Every structure is written in C-alpha cells, then in structure tokens.
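What follows is a single structure, written as structure tokens, with notes after it.
Position 1 is the first residue of the sequence; numbering continues from there. Everything numeric in this text was worked out from a predicted model, so none of it was measured. Note that ligands are numbered from 1 as they come in the structure, with each ligand's atoms numbered from 1 the same way.
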Amino acid sequence: MIIYKTLAEIEIMREAAQIVSRTLGKIAEVIEPGINTLLLDELAEDYIRSQNALPGFKGMYGFPHTLCISVNEQVVHGMPSKRILEEGDIISVDCGALFEGFYGDHAYTFEVGEVKPEVKKLLEVTKECLYIGIEQCTATNRIEDIGWAIQQHAESHGYGVVRDLVGHGLGRSLHEDPQVPNYGRRGRGKKIQNGLTIAIEPMINMGTERVAQLDDKWTIVTEDNLPSAHFEHDVAVIDGKPVILSTFDYVDAALAKRK
Ligand code: MG
Ligand code: MG
C-alpha cells in the first residue's frame with residue numbers, strides 16, 4: 001500500500017534528505033587515494049548525529065554501518081572497511097538519516113583521484129539517468145515510466161540496467177511501496193499522484209546487468225566485475241510535478257573547491 005504524504009510531512013522529509021545531502025558534501029571534502037572507507041563512515045555518523053538525526057541504515061536489517069560504500073565492481077550495499085581507496089577507483093556512497101520520524105536516503109558515486117575516461121562516462125550517464133527518471137515522475141504518468149526512461153538512456157550507451165535492485169517509496173519506513181524499478185514499459189504500473197514520496201536510484205553497469213552477492217551476505221557486485229555506478233535522489237510529487245528533496249549542491253561545491 002502506498003502511503004501518500006501531506007505537505008507538512010514532505011517538509012520534514014526534505015530536512016531528512018538535506019541532512020543526507022550535507023553528509024555527502026562532507027564526504028566529498030575528504031575522499032582521496034590513501035584513505036580507508038571506515039573513516040568516511042565515522043565522519044558520516046558524527047555529522048548525522050550532530051544534526052539531531054540518527055543514521056538511517058545502522059541496525060536496519062542488521063546492517064552495522066552508517067554508509068553503504070561500494071567500490072568499483074560493487075554495485076550497492078558494500079561495507080565500510082579498512083580497504084584503502086586507490087587512484088582511479090569509484091565509490092558509491094549511499095547514506096540514510098532518520099529525522100523526526102522520517103527517512104532521507106540518497107547516494108552519489110565519487111571519483112577517487114583521476115578516473116579512466118570510460119568510467120567517467122559511466123558516471124555521467126548514470127547521473128543523467130537519475131534526472132531523466134525524475135522528469136517522468138509527474139501526475140500524468142505511471143511508475144514504470146520512470147524506469148522506462150532510465151532504461152532507454154542507459155541502454156542507448158550499451159550499459160546494463162540492474163534488475164535485482166530497485167528504487168522505492170520512502171517515508172516513516174526506509175522502504176515503502178511502491179517499488180521503483182530502473183527498467184520498465186511505458187504506461188505501466190500505478191498512477192503517480194500528489195503526495196507520492198520515492199527514492200529514485202539508477203544502478204547502471206558498464207557491462208552485464210547481472211549481479212551477484214558476496215559471501216558477506218551484503219555486498220552486491222557485477223557478475224563480470226566491470227564497474228557500476230549509482231546515484232539516488234528523494235523525490236516528492238507536489239502539484240503534479242516532481243520536487244527533488246535532496247540535492248547534490250553540497251557535493252558539487254566541495255568538489256569544485258578541491259579542483
Ligand atoms: Mg540509498
Ligand atoms: Mg534507496
């Protein structure tokens with residue numbers, strides 16, 4: 001059952017999403033070759049708690065960390081660890097925050113140092129997929145229109161669209177109805193209505209769409225070990241149109257400063 005939100009609830013969700021956005025901005029300030037990913041996790045937890053919020057993922061389904069950190073061929077749900085980031089890596093940082101009873105859940109894939117042009121392209125196209133999907137999130141459309149648009153764009157570049165993991169409704173629970181796949185058929189699925197709040201999160205692979213789970217029972221990797229990218233925003237439908245509750249502005253500002 002889809003839980004539609006009031007404007008007042010959406011305002012709280014915006015703050016939850018913005019806490020995550022600012023957290024990703026903090027991460028953007030420090031990512032570089034030579035650091036380990038546990039350090040990013042600690043930084044994120046401290047910042048979220050300083051904002052009168054709780055880490056949204058910690059303890060969820062037994063997950064022990066604040067961030068999901070997925071490096072290179074890891075798609076999502078990777079564990080922060082002592083692994084040292086290397087020049088040319090990419091890392092998807094997915095972060096959740098629980099604020100006044102509502103969740104924010106959003107993600108960015110960062111470059112570590114200088115990244116190969118074909119990997120840069122994958123990141124670029126995946127970010128485009130996110131915004132192309134968001135554009136479809138209008139009250140004249142249906143849920144699968146979002147995935148349809150994402151799939152068209154990703155596949156036009158020869159990339160694989162992950163099928164086994166999807167976006168989702170978001171609110172007082174981290175995962176609510178409806179599921180929001182990154183693939184689909186035009187005009188299929190539930191009608192989009194005002195008050196819908198969803199996390200749209202294309203997971204796009206350079207090669208095959210097929211994925212596998214590592215023995216840690218969390219980390220999802222590409223079957224062919226080629227890189228994967230992941231960008232996520234929280235979106236509400238207001239007056240028939242998509243409103244993005246999260247932002248990459250803090251990330252963009254931090255990255256611009258470092259150039
Ligand atoms: Mg997420
Ligand atoms: Mg999500």
Side-chain donor-acceptor pairs under 3.5 Å in residues 232-244, sequence neighbours left out?
{"unit_1": "H233", "atom_1": "ND1", "unit_2": "S246", "atom_2": "OG", "d": "2.7"}
{"unit_1": "H233", "atom_1": "NE2", "unit_2": "Y131", "atom_2": "OH", "d": "2.9"}
{"unit_1": "D234", "atom_1": "OD2", "unit_2": "D105", "atom_2": "N", "d": "2.9"}

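Classification of the Y108-F110 ring pair by plane angle, with boundaries at 30° and 60°, yields tilted.
Considering only heavy atoms from C-beta on, E11 stays 4.5 Å or farther from E100 through its side chain. Taking the side chain as every heavy atom from C-beta outward, S70 and V75 never approach each other to under 4.5 Å. By the 4.5 Å heavy-atom criterion applied to side chains, I198 and H168 are not counted as neighbours.
Among protein atoms, those of element N, O or S found less than 2.8 Å away from the Mg ion (ligand 1) are D94 OD1, D94 OD2, D105 OD1, E232 OE1.
Without hydrogens or angle criteria, Q151 side chain to G184 main chain gives a donor-acceptor distance under 3.5 Å.
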